[in-house]
Number of protein chains: 2
Amino acid sequence: MKKKERHQLLRKLVQQDVIRKQEDFVDKLHERGIEVTQATISRDIKELQLVKVPAQDGGYRYNLPPEMNYDISKKLSRLMRDAFVSIDTQREFVLIRTLPGNAFALGSLIETAKYSEMFGCVSGDDTVLIICRDEESAERFQRRIISFI
Amino acid sequence: MKKKERHQLLRKLVQQDVIRKQEDFVDKLHERGIEVTQATISRDIKELQLVKVPAQDGGYRYNLPPEMNYDISKKLSRLMRDAFVSIDTQREFVLIRTLPGNAFALGSLIETAKYSEMFGCVSGDDTVLIICRDEESAERFQRRIISFI
DNA sequence: CCTGAATAGTAATTCAAA
DNA sequence: TTTGAATTACTATTCAGG
């Protein structure tokens, strides 16, 4: 498993599970047959800028990075939660799949948001293709998008 | 000094100083003649829900809770709509002009928002000068700011 | 680069006290 | 309830090796 995939998985896990400490990540990955140590998770958390937030239940939990929430990002978030199916990158391209009929709206929002990594964007019925400035941008962009889910 | 006052002070400190670890809080309070230990700060942080965010400079810093940052971006948006005049970049600098008397407030908000692109910020009466990490950051930062209008 | 093992460095909690 | 001292628990980094 490559670092990139693991990062994606961590983002998913931190949202669907309650992760109270780094060892929880390690355990979750072990359950999936992925061998990784706390040291690596610590580094991943740093790169992904995950934060440990004191929770209302008296404990702590890791969360996605506190991002600036514009109106756009709230709309994006809502739409992503409703209609997001999958995301993938290939070179400088990012492909987002949505439920049928939602891709155009998503594409419009993404265009409005004017992400600096983005060079262009074209939407169909259930697919948005984003062309980024380069491969690195595509990865960063993907992370941004995933964080809306 | 009562807990409540200390909490208020911590909120202020976390915004105006770079707090990398809990001991930094302890030191800052000692400078002000307030005796307190790391244990207490840890409890305070929990109650205030401050978070330790991996920073872009490779370190970490404590920050206000994400929800509070959200409030800040709303304020920023309101102020921008009210007082924004122009924005321009030159190399790693971004210059924002506002209606007279509004720049200081804007600068404070921008500083509080702790944008990763930003290195420093100085405000006058109708001008905010932001020094970014590099030219690219300045451009990205400019886009972010414009998106508030 | 990326990682794990070991370890150093921080942070959270326990326990006793006021 | 709130706190500090001590301790435990957790997280970050160093160092060596893919």
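We name chains A, B, ... by the order of the sequence lines, and we start the count at 1 in each one.
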State whether the side chain of Thr98(A) and the backbone N or O of Ala83(A) hold a donor-acceptor pair below 3.5 Å, judged by distance alone. no

Rounded to whole Å, the NZ-C1' distance (Lys46(B) to dC10(D)) equals 13 Å

To the nearest angstrom, how far is Arg43(A) atom CZ from dA5(C) atom P? 11 Å

Do the side-chain N or O atoms of Tyr60(A) get closer than 4.0 angstrom to the phosphate oxygens (OP1, OP2) of dA11(C)? no

Can you spot which of Thr37(A), Asp24(A), Val36(A) makes a side-chain contact (heavy atoms from CB on, under 4.5 Å) with Leu29(A)? Val36(A)

Does OP1 or OP2 of dT11(D) have a side-chain N or O of Lys52(B) closer than 4.0 Å? no

Whole angstrom value for the distance that separates P of dT11(D) from OH of Tyr62(B): 11 Å

Using only side-chain N and O atoms of Gln22(A), determine if any of them is under 4.0 Å from OP1 or OP2 of dA12(D). yes

Between Asp125(B) (side chain) and Pro100(B) (backbone), is there a donor-acceptor pair under 3.5 Å? no

Under 4.0 Å from OP1 or OP2 of dA12(C): is there any side-chain N or O of Lys21(A) that close? no

Roughly how many Å is it from CD1 in Ile41(A) to P in dA5(C), rounded to a whole number? 13 Å

How about Thr127(A) and Arg97(A): does a side-chain donor come under 3.5 Å of a side-chain acceptor? yes

To the nearest Å, how far apart are Leu48(B) CG and dA12(C) C1'? 16 Å

Counting only side-chain nitrogens and oxygens, does Arg6(A) get under 4.0 Å of the OP1 or OP2 atom of dC2(C)? no

Atom CG of Asp44(B) and atom C1' of dT13(C): how far apart are they, to the nearest Å? 15 Å

Here the residues of residues 23-38 of chain B within 4.0 Å heavy-atom distance, strictly under, of DNA chain D are Glu35(B), Val36(B), Thr37(B)

Between the base of dT11(D) and the side chain of Arg20(B), is there any donor-acceptor pair under 3.5 Å? no

Side chain Glu5(B), main chain Lys2(B), donor-acceptor under 3.5 Å: yes

Might you point out which heavy atoms bring Ile41(A) and Val26(A) nearest each other, and give the distance in Å? CG1-CG2, 3.8 Å

Hey, does the side chain of Ser42(B) come within less than 4.0 Å of dA11(C)'s phosphate (OP1/OP2), counting only N and O? no

Starting from P on dA12(C), measure out to CD on Gln49(B) and report it in whole angstrom. 13 Å

Leu50(B) CG to dT10(C) P, straight-line distance once rounded to whole Å: 18 Å

Decide yes or no for Tyr62(B) and Leu48(B): does some side-chain heavy atom of the first lie under 4.5 Å from some side-chain heavy atom of the second? no

